[in-house]
Number of protein chains: 2
Amino acid sequence: MGRQKRLMMKIDNPCSRHTTYSKRRDGILKKASELSVLCDADVGLLMFSPSGRLTSFSSNGRIEDVFLRYVDQPNELRGGPVSNEDYFYQRLRELKHEGEMLEKLSKYDFLSP
Amino acid sequence: MGRQKRLMMKIDNPCSRHTTYSKRRDGILKKASELSVLCDADVGLLMFSPSGRLTSFSSNGRIEDVFLRYVDQPNELRGGPVSNEDYFYQRLRELKHEGEMLEKLSKYDFLSP
DNA sequence: CCGGCTATTTATAACGT
DNA sequence: TACGTTATAAATAGCCG
């Protein structure tokens with residue numbers, strides 16, 4: 001969302017990076033809260049900013065309890081965890097798609113610089 | 001988002017609740033991944049569905065490591081955790097705001113049923 | 001640094017299949 | 001039951017103060 005689409009890579013400018021972190025951190029906190037309320041789900045969330053500052057969220061009591069519930073799960077049911085690697089191929093597909101779009105757009109002269 | 005605004009309360013219909021859970025769970029997973037990539041943040045996320053099924057996300061290695069990093073934080077720096085209670089007053093304000101809007105809108109005859 | 005302001009991009013609610 | 005579609009609500013990028 002926003003004025004421009006953002007490439008999914010580390011933001012170079014430290015100032016922009018922190019601004020984006022603050023906004024998105026708040027967004028995810030809200031999403032986590034909404035998920036727990038709407039769906040009666042138990043949610044635990046830990047976020048460390050690039051500078052190491054911690055923000056945590058727990059839908060129900062202490063985050064320690066959510067983690068203990070995780071630890072109590074049989075390994076087969078931990079389902080992962082989902083990691084960034086799972087988004088790697090997704091991003092590759094996105095990039096491929098973007099590449100195709102750019103190629104198509106490049107055929108229109110009026111878009112050339 | 002969606003065709004209608006959703007009230008922030010537990011969804012009664014179990015089927016709708018699970019559908020919404022699945023979609024929003026995936027949304028938060030994506031957001032968590034994006035936060036970690038864009039901002040080089042360390043993120044850990046645990047979600048238990050209403051039926052108890054676990055989904056977890058870790059931006060960097062095992063979620064256990066993220067949790068250990070949390071445990072290592074001095075109490076003062078754990079910053080919370082932010083809990084649903086922190087959103088209680090926010091929702092109250094939203095409700096108040098919505099009430100004021102409705103009141104204003106009600107003064108326009110063409111909006112009456 | 002934090003909060004407000006739009007233009008845009010995203011996420012998703014309600015339906016279909 | 002999970003997936004696809006579309007209209008609409010939300011999140012947010014880039015700016016400004």
Side-chain angles (χ1 to χ4, degrees), chain A residues 1-41 43 45 47 49-55 57 79 82 86-87 90-91 93-95 97-102 105 111, chain B residues 1-41 43 45 47 49-53 55 57 77 79 82 86-87 89-91 93-102 105 111:
Chain A
M1 313 132 219
R3 302 297 180 86
Q4 265 183 243
K5 182 180 173 66
R6 198 182 248 314
L7 291 176
M8 281 309 295
M9 52 184 297
K10 178 174 173 179
I11 299 170
D12 280 324
N13 184 291
C15 184
S16 302
R17 187 164 67 240
H18 188 266
T19 301
T20 294
Y21 177 80
S22 297
K23 289 186 175 183
R24 281 177 173 255
R25 176 201 58 204
D26 293 346
I28 294 185
L29 278 175
K30 187 179 181 189
K31 290 284 186 187
S33 170
E34 292 182 345
L35 184 72
S36 66
V37 171
L38 290 173
C39 306
D40 196 29
V43 180
L45 175 63
M47 298 179 284
S49 78
S51 59
R53 184 178 297 272
L54 166 67
T55 301
F57 171 85
V82 176
D86 297 310
Y87 289 101
Q90 181 184 323
R91 275 202 290 282
R93 284 194 297 277
E94 289 172 358
L95 287 173
H97 183 66
E98 286 169 10
E100 288 169 353
M101 290 301 289
L102 286 174
L105 290 172
L111 284 173
Chain B
M1 314 131 212
R3 301 296 182 86
Q4 263 184 243
K5 182 180 171 68
R6 195 184 255 312
L7 291 175
M8 279 312 293
M9 52 185 298
K10 177 176 173 179
I11 300 171
D12 280 324
N13 184 290
C15 184
S16 302
R17 187 164 67 242
H18 187 264
T19 301
T20 294
Y21 176 79
S22 296
K23 289 185 177 184
R24 282 178 173 258
R25 175 202 59 203
D26 293 346
I28 294 184
L29 278 176
K30 187 178 180 187
K31 291 284 188 188
S33 170
E34 292 182 346
L35 183 72
S36 66
V37 171
L38 289 172
C39 307
D40 197 29
V43 180
L45 175 62
M47 298 179 283
S49 79
S51 60
R53 185 179 296 273
T55 302
F57 171 84
L77 295 183
V82 176
D86 296 311
Y87 289 101
Y89 292 104
Q90 180 183 325
R91 276 202 289 283
R93 284 194 297 276
E94 287 173 358
L95 287 172
K96 183 173 179 300
H97 183 66
E98 286 170 10
E100 288 169 352
M101 290 301 290
L102 285 174
L105 290 173
L111 285 174

From Thr55(A) atom OG1 to Asp26(A) atom CG, the distance as rounded to the nearest 0.5 Å:
8.0 Å
Are side-chain heavy atoms of Pro50(B) and Arg17(B) found at a separation under 4.5 Å?
yes
Check for a donor-acceptor pair, side chain of Tyr21(B) on one end and backbone N or O of Ser49(B) on the other, with a separation under 3.5 Å.
yes
In short, Phe57(B) meets Ser33(B) closest at the heavy-atom pair CZ-CA, 3.6 Å
Residue set satisfying side-chain contact (heavy atoms from CB on, under 4.5 Å) with Arg6(B), at least two apart, ordered chain then number -> Leu38(A), Ile11(B), Thr20(B)
For the residue pair His18(A) and Pro14(A), establish whether any side-chain heavy-atom pair is separated by less than 4.5 Å.
no
Set of side chain to side chain donor-acceptor pair (under 3.5 Å) partners for Arg24(B), sequence neighbours left out:
Glu34(A)
Taking every non-hydrogen atom, the tightest pair across Ala32(A) and Val43(A):
CB-CG1, 4.0 Å
Once salt bridge (Lys or Arg N to Asp or Glu O under 4.0 Å) is applied, do any residues pair with Lys10(B), and if so which ones, sequence neighbours excluded?
Asp40(A)
Using a 4.0 Å cut-off to any heavy atom of chain B, which nucleotides of DNA chain D are the first and last in contact, reading 5' to 3'?
dT6(D) to dT12(D)
Between the first and last five pairs of the helix from dC2(C)-dG17(D) to dT17(C)-dA2(D), the angle of the axes, rounded to 10 degrees:
40°
The side-chain contact (heavy atoms from CB on, under 4.5 Å) partners of Asn13(B) (sequence neighbours excluded) come to Cys15(B), Ser16(B)
Whole angstrom value for the distance that separates P of dT8(C) from CG of Leu7(A):
18 Å
Can you give one letter per nucleotide of nucleotides 9-17 of chain C, going 5' to 3': B for a protein heavy atom under 4.0 Å from the base, S for sugar-phosphate only, - for none?
BSBBBB---
